[in-house]
Amino acid sequence: MRIATWNVNSVAARLPRLLAWLGSAQPDVLCLQELKCTTEAFPHGEVTALGYEVAAYGLGRWNGVAILSRVGLGDVRRGLLDEPAYDNETEPRAIGATCGGVRVWSVYVPNGRDPEHPHYAYKLRWLEALRATVVAETSAERPLAVLGDFNIAPTDDDVWDISLFEGATHVTDAERKALAVLRDAGLTDIVPRPLKYDRPYTYWDYRQLAFPKNNGMRIDLVYADAAFAAAVTDAYVDREERKGKGASDHAPVVVDLSL
DNA sequence: ATGCCCGCTGTAAGCGGA
C-alpha cells in the first residue's frame, strides 16, 4: 500500500497537477491539506473519476483537509476530540478515516505566526488535542498514522539555516516538546529519503529562489504507530512535484507499506 | 535548468502563509 501526504495550497489552483500526480504516483491513500475551499466545492467528480473515494472537510478561504482513498474509506471523523477554537471558530484542520484497514489522519497544524501571537498558544493547545485524539484512537486492531503539515521542524537539521530562525515559530522548544509528547503516545517520525541533496525538506518558500537554492524545511511529517512503522518499506519526498509552473510550495511525502 | 511569491478576496497601499 502507498500512502502519501501533500499540502496543495488550494486544491482548485492545484487541480491539474493533483490529477496528474494521482495518475503518475498512484497513491492508494492521499492526505491533503490547505484545500482553501468548502467541503461542497471540493472537486469530487474529477477525483472520483480516477477511482478514489473522497472525505473532505473545508469551510472556505483558509485551511481545509481531505483524505482520498482507492482502498476503501470508512469511519470518517471530522475534527479532533475537544478541538480548540480560534476566534470562536473551530477550523477544518483534521480529518480521520479508515482506509484498507489503516487508520489515517490528515492534519494541518496551526502556523503559530509568532511566539507572542495568540495563534502560537492556539497551536500548542491544538497539538495537545491531537495527542488526546491519537491516544483515544490507538488500537491493536489496525495500524494508525497521522500525516500532514505539522508546521514544526523537528530538529535543527530540518531547516536550511537554523541561525535564521531565532525567535521564530516552527523551531521553538515548546513546539518540539509537543511533538515529543506526541511520540510518547506511541508514534514514530517516519523520516523520508530526499531524492536530491542530503536533507528531506518538504517545503520551500515561493520567494527568493528558495527551491533552486534548496532553502527548505521539513515540516510535513508522518507520525506512525508501531504497527504502521513496522510495515514501512520506503518513504521519500517527491521534490519533482515542487518544480515548474503551478507548483505548491510543499512537495508530497510518499510512504510505501507492506500491507 | 529547479529560476527571483502565490492564492484568495471585502479586488486592497488587503490578508495569511512559514
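Not measured: the values here are computed from a predicted model.
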Asker: Does OP1 or OP2 of dG7(B) have a side-chain N or O of Arg14(A) closer than 4.0 Å?
Answerer: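 For dG7(B), OP1 or OP2 has a side-chain N or O of Arg14(A) closer than 4.0 Å.
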Asker: With sequence neighbours excluded, tell me which residues meet side chain to side chain contact (heavy atoms under 4.5 Å, CB included) with Asn215(A).
Answerer: Trp160(A), Ala210(A), Lys213(A)
Asker: Using whole Å, what does the distance between atom P of nucleotide dA1(B) and atom CZ of Arg242(A) come to?
Answerer: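 It is 17 Å, rounded to the nearest whole Å.
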Asker: Please name all residues satisfying salt bridge (charged side-chain N to carboxylate O under 4.0 Å, His left out) with Asp75(A), sequence neighbours left out, ordered by chain then number.
Answerer: none
Asker: In B/S/- notation, 5' to 3', how is nucleotides 10-18 of chain B contacted by protein heavy atoms closer than 4.0 Å?
Answerer: ----BBSBB
Asker: Rounded to whole angstrom units, what separation is found between the CG atom of Leu59(A) and the P atom of dT9(B)?
Answerer: 12 Å
Asker: List in chain and number order the residues that pass salt bridge (charged side-chain N to carboxylate O under 4.0 Å, His left out) with Arg207(A), two or more places apart in sequence or in another chain; answer none if no residue qualifies.
Answerer: Asp205(A)
Asker: Could you check Leu209(A) against Ala13(A) and say which one's nearest nucleotide on DNA chain B is further toward the 5' end?
Answerer: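 Its nearest nucleotide being more 5', the pick is Leu209(A).
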Asker: Distance between the P atoms of dG10(B) and dC6(B), in whole angstroms?
Answerer: 22 Å
Asker: Would you mind reporting whether Val65(A) and Val107(A) have side-chain heavy atoms less than 4.5 Å apart?
Answerer: no
Asker: Find the distance Leu35(A):CG to dG7(B):C1' and express it as a whole number of Å.
Answerer: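 Atom CG in Leu35(A) sits about 14 Å away from atom C1' in dG7(B).
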Asker: Return the pairing partner of dT9(B) with a 3.5 Å limit on both distances, Watson-Crick or G-U wobble; otherwise return none.
Answerer: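 None - no nucleotide pairs with dT9(B), as no candidate has both distances under 3.5 Å.
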Asker: Work out how far the C1' atom of dT9(B) is from that of dG17(B), and round it to whole angstrom.
Answerer: 15 Å
Asker: Run through the side-chain heavy atoms of Ile, Leu, Val, Met, Phe, Trp and Tyr, join any pair under 4.5 Å, and report what else lands in Leu30(A)'s cluster.
Answerer: Trp6(A), Val8(A), Val11(A), Leu15(A), Leu18(A), Leu19(A), Trp21(A), Leu22(A), Leu32(A), Leu35(A), Phe42(A), Val47(A), Leu50(A), Tyr52(A), Val54(A), Leu68(A), Leu195(A), Tyr236(A), Val254(A)
Asker: Mind checking if Gly244(A) touches a base, just sugar-phosphate, or nothing, with heavy atoms under 4.0 Å?
Answerer: sugar-phosphate
Asker: Pick the C1' atom in dG7(B) and in dA18(B), then give their distance to the nearest Å.
Answerer: 15 Å
Asker: What salt bridge (charged side-chain N to carboxylate O under 4.0 Å, His left out) pairs are there with at least one residue in residues 220-235 of chain A, not counting sequence neighbours?
Answerer: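 Listed once each, the pairs are Arg193(A)-Asp234(A).
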Asker: If you draw a 6.0 Å radius around CG in Asp161(A), do more than 12 non-hydrogen atoms from other residues or ligands fall strictly inside?
Answerer: yes
Asker: Taking the C1' atom in each of dA12(B) and dG16(B), what is the distance between them to the nearest angstrom?
Answerer: 14 Å
